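Here's the structure we're looking at; comments come further down.
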Amino acid sequence: LQLKTSSEPALPSAALTALRSARFIDDINKVAYPPSIISPNPALNSNAPNGKFKYEKDFLMQFQTVFTDKPSVDWEQRMRDTVGEPDSARPMAGSR
Amino acid sequence: SSAPSQDDIRDQLTVFHSPENFTVKHPLMNKWTLWFTRPPNKNDTSWHEALKEVVTFDSVEEFWGIYNNITKTSDLALKSDYHLFKVGIRPEWEDPANKHGGKWAYQFKEKRTIPIDELWLHTMLAAIGETLEKETDHEVTGVVVNVRKGFYRIGVWTRSSGTGSQGKTSKENRESLVEIGRRFKEVLKLGEREQVEFSGHSDSANAGSSRAKAKFVA
């Protein structure tokens, strides 16, 4: 039985391609967000130097379910080399 | 600033408009590097071997791509740490940006009941959103979560330790640090009777343990 190997280069997802090619917003107060989105508090960035913004938690939390793709094509390998598997996923001798 | 024109709307598709075809992303004020310390093993010749650089990012969108695809703190093995530091600063006392500094920290001893994933997430969001300090203070170097047998600990590392720095008197320096402690306490949603504690790294080193006497509290 030939197991599928991962020698083919992984293709970036559409979201990752968009992330790589997107420009940085330069004036946060000019972005027109969809009506369901709470815009950043303009007072927070009233003195913001170009392209350097602060963001409140409530604004940032809105991205949680919107950008969910892996941030690079080699992400799984990078996880194995650094953080490893979640502790709960590891078989634990004598438990459960 | 004026209301967005039709052109702005057409050119500036955010991830909220189109998760797969967005054309603009949200810059962070600083680039940040996420580090991980795995539990030590007996083949390690030094502590440094267990510390690994995971990823560097500079947008809100990329932060969430990372957060949504990385092990949650509550799933890490004992003696693991995550460190989120400004790019170029190693999450160690010896780094030039940290060696005169210190940290605000709080230990959560009720490991089973506290929502550590949410608390660490909120701490990271306060760091990358730059709401942990007043914009002119430039004190914060990074944030840390430690997973230990009896507790979780979250910390905020600062460049100075209240003895004066960057042209500030020690009183002004302490005020900046106390403001950071106050904001950190708010992020952690701690009650009136709970206190976050600040200690200088060099005090901790001299005491030979990370449980140095707190220099100040908030």
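Letters A, B, ... are given to chains in the order of the sequence lines, protein chains preceding strands, and every chain is numbered from 1. These numbers come from a predicted model, not from an experiment.
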Would you compute the distance between atom [atom1] of [X] and atom [atom2] of [Y] and round it to the nearest 0.5 angstrom?
X      : Y     : atom1 : atom2 : value
B/E61  : A/L16 : CD    : CG    : 12.5 Å
B/L34  : A/T82 : CG    : OG1   : 8.5 Å
B/E118 : A/M61 : CD    : CE    : 7.0 Å

Decide yes or no for [X] and [Y]: does some side-chain heavy atom of the first lie under 4.5 Å from some side-chain heavy atom of the second?
X     : Y     : answer
B/M29 : A/F53 : no
B/F22 : A/L19 : yes
A/D81 : B/K52 : no

Less than 4.5 Å to any heavy atom of chain A: does that hold for the side chain of [X], its backbone, both, or neither?
X      : value
B/V55  : both
B/F57  : neither
B/E135 : both
B/Y67  : side chain
B/D58  : both

Top of [options] for chain A proximity - count of heavy-atom pairs under 4.5 angstrom:
options                      : value
B/V24, B/N21, B/T14          : B/V24
B/V15, B/L121, B/T37         : B/V15
B/H122, B/E130, B/E53, B/K72 : B/H122

Discussion item. I'd like to know whether A/V66 forms a side-chain contact (heavy atoms from CB on, under 4.5 Å) with B/F16, so could you lay out the CA-CA distance, the side-chain angles of the two residues, the decisive distance to 0.1 Å, and finally the verdict.
Written reply: CA-CA 7 Å; A/V66 180; B/F16 299 116; 4.0 Å; yes
Item to complete: In sequence, state the C-alpha distance, the side-chain angles, and the governing distance for A/L60 and B/F63, and then conclude on side-chain contact (heavy atoms from CB on, under 4.5 Å).
Response: CA-CA 10 Å; A/L60 294 172; B/F63 168 80; over 6 Å; no
Options [options], ranked by heavy-atom pairs under 4.5 Å with chain B, top entry:
options                    : result
A/K52, A/E56, A/K54, A/E76 : A/K54
A/S72, A/P42, A/A15, A/P34 : A/P34
A/K70, A/M79, A/Q64        : A/Q64

Shortest non-hydrogen separation from [X] to [Y] and the atoms involved:
X     : Y     : value
A/Y55 : B/V60 : CE1-CG2, 3.8 Å
B/N69 : A/T68 : ND2-O, 3.0 Å
B/E62 : A/P71 : CG-CB, 4.2 Å
A/W75 : B/I66 : CH2-CG2, 3.9 Å

Discussion item. Atom CD of residue position B/E110 - does it have more than 12 heavy atoms of other residues, nucleotides or ligands inside 6.0 Å?
Written reply: no
Discussion item. If you count heavy atoms of other groups shown closer than 6.0 angstrom to NZ of B/K31, is the number above 12?
Written reply: no
Worksheet item: Should the ring pair B/H26 and A/F63 be called parallel, tilted or perpendicular, given that the plane angle runs from 0 to 90° and is split at 30 and 60?
Response: perpendicular
Discussion item. Taking B/V54's backbone N and O only, do any of them form a donor-acceptor pair with A/R78's side chain (distance below 3.5 Å, no angle check)?
Written reply: yes
Discussion item. As a quick check of understanding, evaluate side-chain contact (heavy atoms from CB on, under 4.5 Å) for A/F67 and B/N68, giving each step before the final call.
Written reply: CA-CA 8 Å; A/F67 196 99; B/N68 283 325; 5.6 Å; no
Worksheet item: Side chain, backbone, both or neither: which part of A/I37 has a heavy atom under 4.5 Å from chain B?
Response: side chain
